[in-house]
Amino acid sequence: MALLHQTFYNGVQRGCLHSLASQRAMLKLTHHSWRCLATTSKTNKNGYLKILPSVASALANNQPVVALESTIITHGMPYPHNLRTAQDVERIVQDNGVTPATVGLLNGSIHVGLSEEELVAMATAQNAVKSSRRDLSWVLSKRLTGGTTVSATMVAAHKADIPVFVTGGIGGVHRDGENSLDVSADLTELGRTPVAVVSAGVKSILDIPKTLEFLETQGVTVATFGPNKDFPAFFTPNSGVQSPINVTDVKEAAELIDCSLSLGLQSGILIAVPIPQSLAADGDLIEGAIQQALSEAKNQGITGKEVTPFILQRVNELTQGKSLQANEALIRNNALIGSQIAKELADLRRCKGQSSNQNNNCNNRTFPEVKGHEPGGRPVVIGASIVDLLASVNQDNIMHTGRTYQGSLQVAYGGVGRNIADCLSRLGSRPLFISAVGNDEHAQALLTYCKNMDQSAISTLSDYNTGTYCAVLDNEGELLFGIGDMDINDQITPQMVSTWESSIVQSPLVCMDGNIPTETIEYVCRICKENHVPIWYEPTCQMKAKKPFQSDAWKSLTYVSPNLNELRMMYGSLEGEETVNFDYETSFTDQLRECLQLSRILLQHIDCLVITLGENGALIVRNTEPEDKLICGKTNQEEEEFLGMTSAVHYPIGNVDPDRKITSVSGAGDCLSAGIIHSILQGYDSDTCIKAGMMVAQMTLEDSQPVPACITASTITPETVQKWAPWQPSRMM
């Protein structure tokens with residue numbers, strides 16, 4: 001009876017249920033939020049780069065990204081001006097179609113891209129360290145908060161393959177630098193790191209002529225952005241010194257950067273953008289304030305990296321805030337120009353067929369432009385690998401006092417993507433499975449169990465634990481609590497998946513589960529759409545069902561297999577959640593009526609919905625006639641919109657022996673999908689495809705593992721399927 005209780009068995013956290021009491025408990029649990037634990041990013045223990053998913057997605061897709069420094073947040077402006085400016089700058093970059101990547105040091109990692117919470121933490125940090133190249137190792141090893149200077153941000157940008165970096169102004173040779181030898185590390189970084197820095201020139205508190213001389217010695221290309229060569233002085237558009245060259249517009253700037261990167265000179269470029277005259281501060285007022293601040297710094301014994309923050313603060317005080325207003329204006333202007341340059345550069349390099357990877361030591365990957373599917377292409381599954389633990393307590397009156405209770409512990413190997421790939425492998429479809437596991441005992445056991453599968457695309461990540469879920473049940477089968485460690489799924493990023501892009505674009509069908517990041521789902525949808533590759537989306541749970549529907553990515557999906565509540569969530573993502581009633585107690589007739597209503601908008605772009613209805617079977621709604629074969633490829637590269645629902649067919653549960661014991665529902669929904677996918681790839685008619693999925697799911701119910709070993713290549717044939725299910729489904733419309 002529980003054949004298609006997908007509200008449980010498509011969950012991320014699957015326990016392996018071995019008793020009817022446990023079975024009942026888990027079916028009750030489908031209505032609670034624990035089955036879809038939210039995952040959070042996990043700090044890299046070794047202090048390497050931690051790239052925000054939106055940034056990673058843009059880089060993987062060769063989309064423009066702009067790096068932003070964080071000393072302007074931690075040391076350049078007082079709170080809340082610093083936070084407001086940082087948020088405004090990111091917004092300006094985004095408004096120009098570019099992804100911002102603010103760099104900061106947090107919890108032992110170099111963060112390339114900050115979340116909103118991390119941005120606030122940087123802006124309000126009391127003891128943030130002003131971090132240059134020399135400070136990186138110390139700040140990271142001590143797990144301190146650090147605002148990255150120009151030099152440290154260039155290091156991070158280069159390591160992340162971001163060619164354009166926007167800042168307010170760079171450091172330089174300090175006044176009296178010929179005696180103090182106080183020269184900013186920004187200048188030497190520009191001489192050895194191939195990143196283009198867009199700034200309002202050099203901070204006017206410095207010796208600008210000597211700074212330009214030093215940059216010349218370092219072999220740094222310096223260009224003023226605009227119609228002339230006047231080099232800007234941060235708060236004012238003209239320092240009285242000229243740049244060697246100028247670039248008149250973003251196209252010229254992008255061509256200059258592209259040429260430098262292509263030559264492999266391993267030195268940076270400084271694009272000096274004058275602040276618009278209407279936003280500039282009074283030059284004489286600023287210079288007078290600078291001289292007074294310099295004198296005060298000398299008298300107070302302020303030296304080294306503390307000089308610049310002190311002088312900027314004093315200049316702001318002495319100018320009654322006018323310098324701060326100019327500072328905020330110029331960084332916004334730099335963000336505007338810098339993002340436009342980055343976008344032009346990305347377009348230029350894309351047109352030239354180049355990778356955005358600027359590191360000459362790395363091999364640029366090129367992928368074939370596939371218009372059809374080459375013979376021998378394999379299905380691709382992208383999703384989670386999870387070890388499931390079920391702890392059942394055999395006693396009453398459980399007390400949380402630390403005592404030990406008698407019970408049983410059982411282990412199963414699941415994860416939606418893993419289950420589907422496992423089942424497809426046993427059926428003979430040879431899928432490529434893209435996933436991630438840790439370097440731990442759980443991973444060793446899981447991979448040993450999965451010896452029947454191709455494991456070549458399963459990444460081992462030493463800094464993360466293998467995905468694990470543990471459910472603890474009382475002696476009545478009721479859940480006491482669950483514990484999930486799922487952080488590793490966030491690391492199935494577009495960058496990781498892009499390693500296998502050539503296999504994806506040649507695949508006859510790609511299946512992905514909702515455990516992977518939204519950015520990865522959007523990336524897969526994009527490349528599959530471009531190459532006519534059909535996509536099967538397995539939602540995994542109610543909250544994750546909406547991931548593709550937060551953008552136009554859902555329009556690239558071919559098949560989606562939700563249960564009713566996941567279907568409600570998808571509809572609500574498009575039409576507003578207030579339009580949906582999440583009512584679990586509706587009658588079967590009402591459920592069918594609701595499914596038909598909610599499906600119409602989805603079927604304007606999606607070809608087929610396989611809606612599971614628990615013990616009531618499945619409803620197949622399509623935008624073609626039911627006798628038409630389930631397609632194995634998009635037919636049109638253009639944005640195709642269908643009229644909506646054409647057919648709806650209800651498949652009840654097949655002939656189930658009432659005396660047959662249900663051992664576990666874990667994996668049944670995943671095997672349902674795998675059986676259908678395998679049959680589609682075999683070219684079976686649509687009726688055989690659906691019944692084949694139900695037949696495999698039925699086999700799963702009778703085994704303790706999510707994917708039974710008894711499933712083999714000879715299991716699914718048109719003859720075996722029709723023998724198992726000779727009945728006809730009911731056409732609803």
Side-chain angles (χ1 to χ4, degrees), residues 40-53 55-56 59 67-76 82 86 101-115 117-162 165 167 170-171 182-195 268 302-309 359 361-362 436 438-440 459-466 485 487-488 490-491 493 495-496:
T40 57
S41 299
K42 186 170 183 177
T43 302
N44 187 298
K45 299 174 184 176
N46 294 329
Y48 297 139
L49 291 184
K50 181 177 181 183
I51 302 178
L52 196 69
V55 176
L59 292 172
L68 302 167
E69 56 136 307
S70 53
T71 48
I72 194 171
I73 302 172
T74 58
H75 293 79
N82 57 351
T102 302
V103 176
L105 309 181
L106 290 167
N107 301 319
S109 293
I110 302 174
H111 288 242
V112 180
L114 297 176
S115 67
E117 294 77 11
E118 291 165 342
L119 205 60
V120 172
M122 294 289 290
T124 56
Q126 297 299 312
N127 299 303
V129 179
K130 183 180 179 183
S131 304
S132 184
R133 169 189 273 263
R134 71 163 189 183
D135 306 299
L136 289 174
S137 298
W138 183 75
V139 173
L140 295 177
S141 66
K142 294 295 184 180
R143 303 180 69 82
L144 303 175
T145 297
T148 53
T149 65
V150 169
S151 67
T153 307
M154 288 182 70
V155 170
H158 179 49
K159 287 184 177 295
D161 297 328
I162 301 174
F165 160 37
T167 184
I170 67 167
D182 192 350
V183 179
S184 171
D186 297 352
L187 304 187
T188 52
E189 201 64 51
L190 276 161
R192 61 185 171 188
T193 303
V195 171
I302 298 173
T303 60
K305 64 182 182 181
E306 305 302 328
V307 171
T308 298
N359 186 342
N361 295 323
C362 296
N439 186 14
D440 50 30
S459 298
T460 299
L461 306 181
S462 298
D463 298 318
Y464 295 85
N465 298 325
T466 298
D485 183 356
D487 291 349
I488 196 168
D490 288 340
Q491 304 309 309
T493 63
Q495 284 182 309
M496 175 190 290

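Residues: numbered from 1 along the sequence shown.
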task = Kindly say whether D135 contributes a backbone atom to a donor-acceptor pair with the side chain of S132 at under 3.5 angstrom?
result =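 Not confirmed, S132 side chain does not pair with D135 backbone.
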Main-chain N/O of G113 paired with T102 side-chain donor or acceptor, under 3.5 Å = no
request  = Determine whether the side chains of E69 and T71 contain a donor N or O and an acceptor N or O closer than 3.5 Å.
outcome  =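 Short answer, yes.
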task = May I ask you to check whether T148 and S70 show a side-chain donor-acceptor distance below 3.5 Å?
result = yes
Spatial distance of atom [atom1] ([X]) from atom [atom2] ([Y]) [nearest 0.5 Å]:
| X | Y | atom1 | atom2 | result |
| --- | --- | --- | --- | --- |
| I488 | Q491 | CD1 | CD | 7.5 Å |
| L119 | N82 | CG | CG | 9.0 Å |
| L461 | M496 | CG | CE | 4.5 Å |
| N439 | T466 | CG | OG1 | 8.5 Å |

Minimum heavy-atom separation for [X] to [Y], with atom names?
| X | Y | value |
| --- | --- | --- |
| D440 | N465 | OD2-CA, 3.6 Å |
| D186 | G171 | OD2-N, 2.8 Å |
| A156 | I110 | CB-CG2, 3.7 Å |
| E118 | S115 | OE1-N, 2.9 Å |
| A56 | I51 | N-CG2, 3.6 Å |
| T153 | F165 | CG2-CE1, 3.5 Å |

Looking at side-chain heavy atoms only, is the closest gap between [X] and [Y] below 4.5 Å?
| X | Y | value |
| --- | --- | --- |
| M154 | I170 | no |
| K130 | T149 | yes |
| L114 | L106 | yes |

task = Any chance you could lay out the side-chain contact (heavy atoms from CB on, under 4.5 Å) test for L105 and L136, step after step, and finish with the verdict?
result = CA-CA 8 Å; L105 309 181; L136 289 174; 3.9 Å; yes
Residue that, paired with V150, satisfies side-chain contact (heavy atoms from CB on, under 4.5 Å) out of L190, L187, T167 =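 The passing option is T167.
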query = Run the side-chain contact (heavy atoms from CB on, under 4.5 Å) check on T193 and R133 step by step: do they pass?
reply = CA-CA 11 Å; T193 303; R133 169 189 273 263; 4.1 Å; yes
request  = Given side-chain contact (heavy atoms from CB on, under 4.5 Å), test L59 with I162 step by step and report yes or no.
outcome  = CA-CA 8 Å; L59 292 172; I162 301 174; 4.0 Å; yes
key: Test log, rule side-chain contact (heavy atoms from CB on, under 4.5 Å), inputs D463 and K50   = CA-CA 12 Å; D463 298 318; K50 181 177 181 183; over 6 Å; no
